[in-house]
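Letters A, B, ... are given to chains in the order of the sequence lines, protein chains preceding strands, and every chain is numbered from 1.
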Amino acid sequence: MERNQTRRQIAGMRQSLFDQGLVDEQFVQLEELQDDANPNFVEEVATLYYRDSSRLIQNLDQALEKSPLDFNKLDNYMHQLKGSSSSIGAKKVKAECTHFKEYCRTANREGCMRSFQQLKKEYALLKKKLEAYFQMARQAGPSNATCRPK
Amino acid sequence: MGMMKIQEQAQQQDHESFGMNFVRRNRDRHFKILMIWIVALVLIGFKIFNYLEAGNKERRKEVLTSMCDQRAIMLQDQFSVSVNHVHALALMVSTFHYYKNPSAIDQETFADYTACTSFERPLMSGVAYAQRVVNSERESFEREHNWTIKTMDREPSPLRDEYAPVIFSQETLSYLESLDMMSGEEDRENILRARATGKAVLTSPFRLLGSHHLGVVLTFPVYKSRLPPSPSLEERVKATAGYVGGAFDVESLVDKLLRQLAAHEIILVNVYDITNTSNHLIMYGIQNEEGDTSLVHISKLDFGDPSRKHQMVCRYHQKEPIPWNAIAPAGCFFLIGFLVGYMLYSAAIHIVKIDDDFIKMQELKVRAEAADVAKSQFLATVSHEIRTPMNGVLGMLGLLLDTDLSSTQRDFAQTAQVCGRALIALINEVLDRAKIEAGKLELEAVPFDLRTILDDVLSLFSEKSRNKGVEFAVFVSDKVPDVVMGDPGRFRQIVTNLVGNSVKFTERGHIFVKVHLAEPSNTMTIKKSETSLNGGTKEGLGTSGDCQFKTLSGFEAADERNSWDTFKHLIADEEFHLDSSSNRVAAYETSDHVTLMVCVEDTGIGIPLHAQDRIFMPFMQADSSTSRNYGGTGIGLSISKCLVERMGGQISFVSRPQIGSTFFFTAVFERCKKNAFKEVKKPISEDLPSGFKGLKAILVDGKPVRAAVTRYHLKRLGIHVELASSIKKGVALFARNGSSISGNVMQPDIILVEKDLWISGEDAGMNMLQLDWKQNGHVFKLPKMILLATNINNVEFQQAKAAGFSDTVIMKPLRASMVAACLQQVGIGKKRLPGKDMNNETPFLQNLLSGRKILVVDDNRVNRRVAAGALKKFGAHVECADSGKAALDLLKLPHSFDACFMDIQMPEMDGFEATRRIRQMESEANKQMNGESTVEEAARKGEWHTPVLAMTADVIHATYEECLKCGMDGYVSKPFQEENLYQAVAKIFESKPVLEP
C-alpha cells in the first residue's frame with residue numbers, strides 16, 4: 001500500500017517535471033534507454049550532468065567577472081552547457097542557454113548577465129527537483145517502472 | 001480516305017499559298033495592277049469594237065454594192081430592151097412607110113401599134129416618128145399633110161435647111177405632131193448624130209416637153225434606101241428618111257422600176273450623165289446631198305450610146321446606225337473584265353488586311369502567352385521569396401514559444417505561429433499552382449506503396465474525424481498492386497486535398513476512400529451484377545431497417561456506386577480472382593500500366609448545384625460564405641485537377657446538396673517489375689508486423705461496407721476473417737466452429753464487435769456467447785473480444801469491460817499498423833521486442849547496429865554518456881573518447897571499429913579536423929597495403945574507410961556540406977532522434993554485412 005503511494009508520488013513528481021516545462025521529450029528517451037542492463041541510467045546521466053554543468057557554470061561565473069568580456073569564450077562554455085542540457089532534456093535551461101548565446105553573439109553584456117542569472121535560477125530549480133525525484137525513486141526500489149505518459 | 005483528304009488539303013494549301021504569296025509579294029502594287037488591268041481591258045475592248053465595226057462596214061458596203069449593181073444592171077437591161085424596140089420600130093417604119101408604096105402606115109396605125117407595144121418599152125413614155133423634110137420639099141410636105149411645120153414653141157417654123165416634123169406619134173406624145181424636132185437644141189443635135197452614126201443616140205437629160213420630167217430622148221435614124229456596107233456620112237444623110245424618137249421619162253419611169261425592187265427605201269439612187277466630166281448632169285434622183293454621204297457606190301451604166309456616159313450613184317438613205325452589235329460585246333467584255341479585276345483586287349485587299357490582322361493577332365497571342373508565363377513565373381518567384389523569410393519568422397516564433405512566456409504572450413505567439421503556418425501553406429499552394437501553370441512541375445517516377453500513403457493520409461485526418469464523430473475509412477482493392485511507380489508525394493497531395501475537403505465539410509456520417517482498378521472488365525461486371533440483382537436489394541433493405549442506406553455509416557451518399565450493392569460485387573469479383581490466382585497474375589502481367597480509380601465519398605453539406613460547374617476553377621469556392629465558415633482558398637481542387645491530369649487521369653464528382661459529395665479520379669501508374677519491387681520494398685512500404693499471419697477472427701458488423709473495410713485491414717495483417725451480421729449470428733458461427741473441433745474448421749482467435757451493434761442491446765447475445773462457450777467446456781483458450789468504435793466514453797468503456805471485452809478498444813479510423821498495435825497490446829500476435837513500443841525504426845536499428853563496434857567522440861561527458869547509452873540500447877558495442885586526439889589514438893590502424901560518431905565542436909581538435917586526420921591515416925595505410933598487401937589485410941576486403949558520422953545540434957545545410965568536404969559520411973542530430981539516426985546508419989551500413997556474428 002505504502003509502496004503504491006510512493007509510486008504515485010513519484011509519478012506525480014515526474015509529471016510535474018513535464019508540466020512545469022523543466023524537461024522535455026529527450027528526458028523520456030533517456031528513461032527509455034534505462035533497462036535491466038542499465039538500471040540507473042537516467043540518474044547516472046543526471047549526476048554526470050550536475051558535475052559537468054556546475055564546473056561550466058563556475059567557469060562562466062569567472063569569465064563574466066572579467067572585463068572586457070571574452071564573448072568567444074563565454075559562447076564556448078555556453079555551447080557545452082547547452083549540449084549537455086539538451087542531452088538530458090533540460091528544456092528551460094537549454095532555452096536560457098540559447099538566449100545567452102544570442103546575447104553573446106550581439107555582444108550584449110547586460111543581456112548576458114541577466115540571462116545568466118536566470119539560467120542559474122532555472123538550473124538550481126531543476127537540480128532540486130530532479131534530486132528529489134531520484135531520491136524518491138531510489139527509495140521506491142529498483143523496480144520503479146517508469147510508465148510512459150499516455 | 002484520310003490520307004487522300006490530307007493530300008487534297010495539302011494541295012489546296014499549295015494552291016492557296018501560291019496565290020497568297022503572290023498577293024503578299026505585291027501588297028503595295030495592287031492598285032497599280034488594277035489600273036493596268038483596266039487600261040488593258042479598254043484597249044482590248046476597243047480592238048474588239050473596231051474589228052466588229054470593220055466587219056459591219058464591210059458588210060454594209062457589200063450590200064450597197066450589190067444593190068447598186070443590181071439596180072444598174074436592171075436599168076441598163078430595161079434601157080437596152082427599150083432601145084432595141086425603138087430600133088425595131090425604126091425598121092418597121094422604113095419598111096412599111098418607105099418601101100411600100102403607098103405607105104402602109106398612117107398616124108392611126110402607128111398610134112395603135114405603139115400603144116399596143118408600149119409594154120415592150122418599159123422606160124419610155126412614148127415614141128414618135130419625124131420625117132426628114134428638106135426646105136425644098138417643105139411646101140409639098142405641108143400641102144400633103146395639110147399643116148405647117150411648127151417649132152417646139154408651137155410657132156410656124158422659120159425657114160431652115162431641113163426640118164424634122166413629127167408625122168406619127170404615140171398617143172402619149174400626140175402633142176408632138178407637126179412639131180419640128182430640129183427646132184429643139186438637144187433634139188437637133190441628137191438627130192444629126194443619129195443620122196451620122198446610124199445608131200441609137202441619147203440626149204443629155206433635160207426637161208421633157210409635156211411632162212416636164214427629167215428625161216432623155218432616144219433618136220434612131222430611118223433610112224429610105226438600103227445603105228451600102230460601111231456607108232459614108234453623105235450617103236447616110238442622103239438616105240435618111242426620118243427619125244424615130246422616144247422619150248425616156250427617167251424620173252418617173254426609173255422611179256417606178258426601182259420601186260419594184262426590194263429594200264428600195266434604204267438606198268438613194270442617182271443617175272448621172274457624165275459625158276461632160278466637169279459637169280455631171282443629173283438624170284434621176286435628188287440633187288442635194290441627202291442621206292449618208294460617207295458611203296457611196298458608183299456603178300457604170302451603158303445605155304448603148306457610146307458617145308454618152310452614164311453612171312449610177314447609190315448611197316444609203318439613212319446614216320449608218322449606231323453599231324450596237326459591236327459596242328455590246330466590247331462593252332460586255334470590258335464590264336466583265338473590270339468586274340473580275342475588281343473582285344480580285346478587293347479580294348487581294350481583303351486578304352492583305354486579314355493577313356495583317358492575323359500577324360497582329362499572332363503577335364498579340366505571343367505577347368499574351370509570354371505575359372501568362374511571366375505571371376506564373378512571377379508568382380513562383382514571389383511565393384518562393386516570401387517563403388524564405390516566412391520560415392525565418394516561423395522559426396523565431398518557435399524559439400519564442402520555447403522561452404518562458406506568460407499565458408497571454410504564449411497565446412499571441414501561438415496565434416502568430418498558426419497564422420504563419422497557414423500563410424506558408426497558402427503560399428505553397430499558390431507556388432504549386434504557378435509551377436503547374438508554368439509547366440515546371442515534374443512528376444517523379446519512384447516505386448511506392450499506395451496503401452501506406454493512404455494510411456498516412458488516414459492518420460493525418462483521424463484525429464479530426466474522430467473529434468467530429470465521423471466515420472472515416474480507407475479501402476484498397478486487392479487487385480491494386482502493392483507497389484506502383486509514380487509520384488507518391490503528388491498522389492498523397494491529391495488524396496489529402498480531397499479528404500481534407502471532405503473532413504472540412506462533413507459533420508456527420510462518414511468519409512470513405514476507396515481505391516480499385518479502373519479496368520473495363522471491372523466496370524462491366526459491376527453493371528452486369530447491378531442489373532441481375534435488382535430484386536435482391538429491396539430485400540436487403542427490409543432487413544437492415546427503416547431508412548438506413550447501405551453505405552459505410554448508414555447515411556445516404558451522393559453517389560450510389562459506393563453503396564454495398566455494387567461494392568460487394570467488387571469484393572466478390574476479387575475473391576473469385578483470388579481463387580484462380582494464376583489467372584489473375586497472368587492478367588496482371590500483361591500491361592505495364594495500371595489505372596487506378598480513387599473515390600472519396602462523404603456525407604457532408606454537398607456542393608450547391610449552381611456552383612458545381614466552377615468547382616475546379618482556381619480560387620472559386622461554392623460561395624463566398626464558404627471561406628468565412630470553413631476557411632481555405634479554393635485553390636486545392638484546381639491543383640488536384642491539374643495533378644490528376646498530369647498523371648493521365650480525370651477527376652469528376654457527384655454531389656447532392658445536404659447529402660454529400662463523391663469525388664472520383666483516375667490516375668495512371670506504371671507497374672513495378674517484380675525484382676525491382678523486392679529491392680525497394682523495405683524503404684518504401686511500411687513494414688507491418690508479421691506476427692498475425694494465420695490468425696482467424698470473427699467480425700460482427702451489421703454494415704457490410706464497414707465490415708469489408710475492417711476485413712481489408714485485417715487481411716493486410718494476414719488475419720483470416722469471417723463475417724457475421726449480428727452478434728447472434730456470430731455466436732452461431734462460433735458455436736458451429738466450436739462444436740466441430742476435430743476438423744480443420746476455423747477456430748477463432750479474435751472476435752471483433754462493432755460498438756453500435758453491441759450498444760444496440762445485444763448484451764444478452766454476448767453473455768450467451770460466453771455461456772455457450774463455457775458450457776461447451778473447451779480446452780482452447782477463449783478468443784479475445786475486442787470492440788471497434790469511432791468514439792467511446794468512459795462509461796461505455798467500463799460496460800464493455802464488464803461484458804467481457806478486452807482492455808483495448810480499437811478506435812476508428814482503422815489502420816493496419818494501428819490495429820496491429822492494439823492487438824499486440826491485448827496480447828495477440830508475437831512481439832518481436834518485448835516491452836517495447838511499435839516504433840518502426842527500432843527493429844531495423846537493432847538489426848543494423850547489434851554487434852557493431854562504435855566509437856563515440858564527444859568532449860561533453862553528458863552527451864557522450866547519452867549517445868553511448870542510446871547506441872548500446874540497439875545492441876552496439878560502444879567505446880568513448882573525450883577529444884579528437886584520443887579518438888585518433890584509438891583509431892590507429894588497424895582497429896576494429898565499424899563506425900565513429902564524432903562531435904563537431906570540441907576544444908583543441910574539432911570534429912572536422914579529427915576526421916581529416918583519420919582519412920589521412922587511412923589513405924596512407926591504403927597506399928602501403930596496395931604496395932605490400934598481406935593476406936590478413938586483404939581479408940579485410942579492400943581499403944580502410946571507417947564511416948564517420950558527425951553529431952551536431954544545429955543541422956543546417958552548410959554544416960552538412962562541410963561534413964562531406966572533410967570526409968565524413970553523414971550526420972546525426974544530437975540528441976539522437978531515432979528516425980534520423982536510422983537514416984544515417986542505414987546509409988553507411990547497408991552495403992556492409994555485419995562482420996561479427
Practice item. List the steps, then state whether side-chain contact (heavy atoms from CB on, under 4.5 Å) holds for A/Lys91 with A/Phe27. Key: CA-CA 9 Å; A/Lys91 192 176 168 190; A/Phe27 190 75; over 6 Å; no

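The heavy-atom pair separating B/Val856 from B/Met951 by the smallest distance is CG1-CE, 4.0 Å. Minimum interatomic distance between A/Leu74 and A/Ala63 (heavy atoms only, all atoms of both residues): CD2-CB, 3.7 Å.
Contacts between B/Asp903 and chain A at a heavy-atom distance below 4.5 Å are absent for every atom of the residue. There is no contact between A/Glu96 and chain B, counting heavy-atom distances below 4.5 Å. Heavy-atom distances place both the backbone and the side chain of A/Tyr49 under 4.5 Å from chain B.
The NZ atom of A/Lys92 sits 12.5 Å away from the CG atom of A/Leu119 when rounded to the nearest 0.5 Å.
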